[in-house]
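These numbers were taken from a predicted model, which means no experiment stands behind them. Each chain gets a letter, A, B and so on, in the order the sequences are listed, and its residues count up from 1.
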Amino acid sequence: MYALVDCNNFYASCERIFQPKLKKKPIVVLSNNDGCIIARSDEAKALNIPMGVPLYQIESLIKQHDVKVFSSNYALYGDLSNRVMQSLHALVPQLEVYSIDEAFLDLRQMPYHDLYAFGQEIRQTIWQWTGIPVSLGIAPTKTLAKAANRYVKAHAKETGVFVIEDNFTADIALAATPVEDIWGVGRRYGRFLAGHQIQTAFDLVQMPDSWIQKHLKIVGLRMVRELRGEICYGLELEPHPKKGICVSRSFSNTLTDLSLIEEAVATFAARCGEKLRKQKSCANLLHLFLFTNPHRENDPQYFGSKVLHFSAATHSGFDLVTMALKALKLIFKEGYRYKKAGVMVSGLVPENNTQTVLFDINEPKRLKDHRVFQTVDALNRKLGRDTIRIATQGKGWTTHQTQRSPCYTTRWEDLLVIDERIDFRGKHLRGLY
DNA sequence: TCTGGGGTCCTAGGACCC
DNA sequence: TCTGGGGTCCTAGGACCC
């Protein structure tokens, strides 16, 4: 049996831990540049605030119901996610971290007979150790565990756990799962299935394999088999290295000036370098894109994109920034108001296994760069991101965030203050209270 | 005025090899 | 009049996930 553990309204729950007065209050969390709603508490969902809606479109609703609004704080969410995952790992050794707020557990080795009671124990423990509420779906396959988890949220919120252990409980969950809520059915397939009078997961599993494979392809067939209780996806215990890495941002204001776009692009390329070095990979290709604001239909639109090859795979910040700026010069056109850019690297290979070129005159430079960036990364880890950076990155490229909560768990200065008369070293402060 | 940022896998078609 | 049969690799696009 597998369990899918899912943190309830994860980002909103993270914010609430440190502001308990927000219990039972509607909370939303915003995307970069405070653009769209990307997370909602139950109370915000009850106000019919949709996922992904731009903040400015629901401004009056926010005011009317006194919804608490947060900019996204990924340092906080990432750290709390680690705590949840570590806590789960302490309870069940075999686990796959599936996303920032979800994990699959392998319960087969566990000496428990009452899975429902064990699910409750996990829930209580995570709540006690981290302050994050979680829900569990337990079932013979990952796709069914996903469906069981969704069933909890839709029909058994108070209990927080649902177990699919036989045909009877499977049919309950399948019949209660609309096709578009199945793990593996998106908007496109959802519309297609609705057009064929297939409303629920229960309807879908009745269809013949040949029909499924013809229309939903091999991935769809695996999904249906999993819904029928046949394991197609095992647990992936080791996180495998990424095959591509992308850093992209919208600009808070549209940019027209090449030098400002250069700063942004250099920053994205440098960030790709950090990610590459972190997973010990080198890139063979760099892909740059730059475009105008597609929402402003009256503005002239332009979508520029360019792929360049490195002569030898690299993760040097110098190489990446140089190549990104070269690509930028090739696609930049005067007279447009640019809104977003991004750098993607691909053709990734392990750093100790790169194919070099014959008569490689750059080898000394590569070795030197490697040492330089080991030092740069170490300094930035210790002193803060971008303390050491490439000059083209400018003074430090940031997004627009007005409502960000403190980094309670990752910065000394942001530690939650319980008694202002005592600082974090336990020293008494005079005259501050 | 204001609209996110990452990833994965599969398939079809074209260019090329013998 | 009649024009083979087997591969690989790469890319773009489309589906999906959080």
May I ask you to verify if any side-chain N or O of [X] is less than 4.0 angstrom from the OP1 or OP2 atom of [N]?
| X | N | result |
| --- | --- | --- |
| Ser250(A) | dG5(B) | yes |
| Lys339(A) | dT3(B) | yes |
| Arg222(A) | dC9(B) | no |

Just to be sure I understand the rule, does [X] reach a base, reach only the sugar-phosphate, or reach nothing, if contact means heavy atoms closer than 4.0 Å?
| X | value |
| --- | --- |
| Val185(A) | sugar-phosphate |
| Glu102(A) | sugar-phosphate |
| Asn33(A) | nothing |
| Leu30(A) | nothing |

[N] [atom2] sits how many Å from [X] [atom1], rounded?
| X | N | atom1 | atom2 | value |
| --- | --- | --- | --- | --- |
| Ile58(A) | dT3(B) | CD1 | C1' | 12 Å |
| Glu226(A) | dC9(B) | CD | C1' | 15 Å |
| Tyr77(A) | dC18(C) | OH | P | 19 Å |
| Leu55(A) | dT3(B) | CG | C1' | 10 Å |
| Ile100(A) | dG5(B) | CD1 | P | 16 Å |
| Phe268(A) | dG5(B) | CZ | P | 8 Å |

Which nucleotide in [options] has an atom nearest any side-chain atom of [X]:
| X | options | value |
| --- | --- | --- |
| Trp183(A) | dG4(B), dC2(B), dC18(C) | dC18(C) |
| Arg249(A) | dT3(B), dG7(B), dG5(B) | dG5(B) |
| Lys146(A) | dC17(C), dT3(B), dT8(B) | dC17(C) |
| Tyr189(A) | dC16(C), dT3(B), dG6(B) | dC16(C) |
| Tyr56(A) | dG4(B), dT3(B), dC10(B) | dT3(B) |
| Ile218(A) | dT3(B), dT11(B), dG7(B) | dT11(B) |
| Lys243(A) | dG4(B), dT8(B), dG7(B) | dT8(B) |
| Cys246(A) | dG5(B), dT3(B), dG7(B) | dG7(B) |
| Arg296(A) | dT3(B), dC18(C), dC2(B) | dC2(B) |
| Arg188(A) | dG14(C), dG6(B), dG4(B) | dG14(C) |

Subject >> Asn33(A) and Thr399(A): side chain donor to acceptor below 3.5 Å >> reply: no

Original post:
Any luck finding a side-chain donor-acceptor pair between Asp42(A) and Asn9(A) under 3.5 Å?
Top reply: yes

Of all the heavy-atom pairs spanning [X] and [Y], show the shortest one and how long it is.
| X | Y | result |
| --- | --- | --- |
| Gln301(A) | Tyr336(A) | O-CE2, 3.8 Å |
| Ser405(A) | Asn73(A) | O-ND2, 2.8 Å |
| Leu235(A) | Asp106(A) | CD2-CB, 3.4 Å |
| Val161(A) | Val152(A) | C-CG2, 3.6 Å |
| Pro26(A) | Ala44(A) | CB-N, 3.8 Å |

**OP:** Could you point out which residue of Lys278(A), Gln279(A), Lys280(A) forms a side chain to side chain contact (heavy atoms under 4.5 Å, CB included) with Pro241(A)?
**Re:** Gln279(A)

Subject >> dT3(B) and dC18(C), which share atom name P, separated by this distance in whole Å >> reply: 26 Å

Subject >> Given DNA chain B, 5'-ward residue of the pair Lys217(A) and Lys242(A), judged by closest heavy atom >> reply: Lys242(A)

Original post:
Taking the six-membered ring of Phe251(A) as reference, does the NZ or CZ atom of Lys339(A) fall below 6.0 Å from its centre and within a 45° cone about the axis?
Top reply: no

Original post:
Based on Watson-Crick and G-U pairs with both distances under 3.5 Å, what dot-bracket line describes DNA chain C 5' to 3', crossing pairs as [ ] and inter-strand pairs as |?
Top reply: ....||||||||||||||

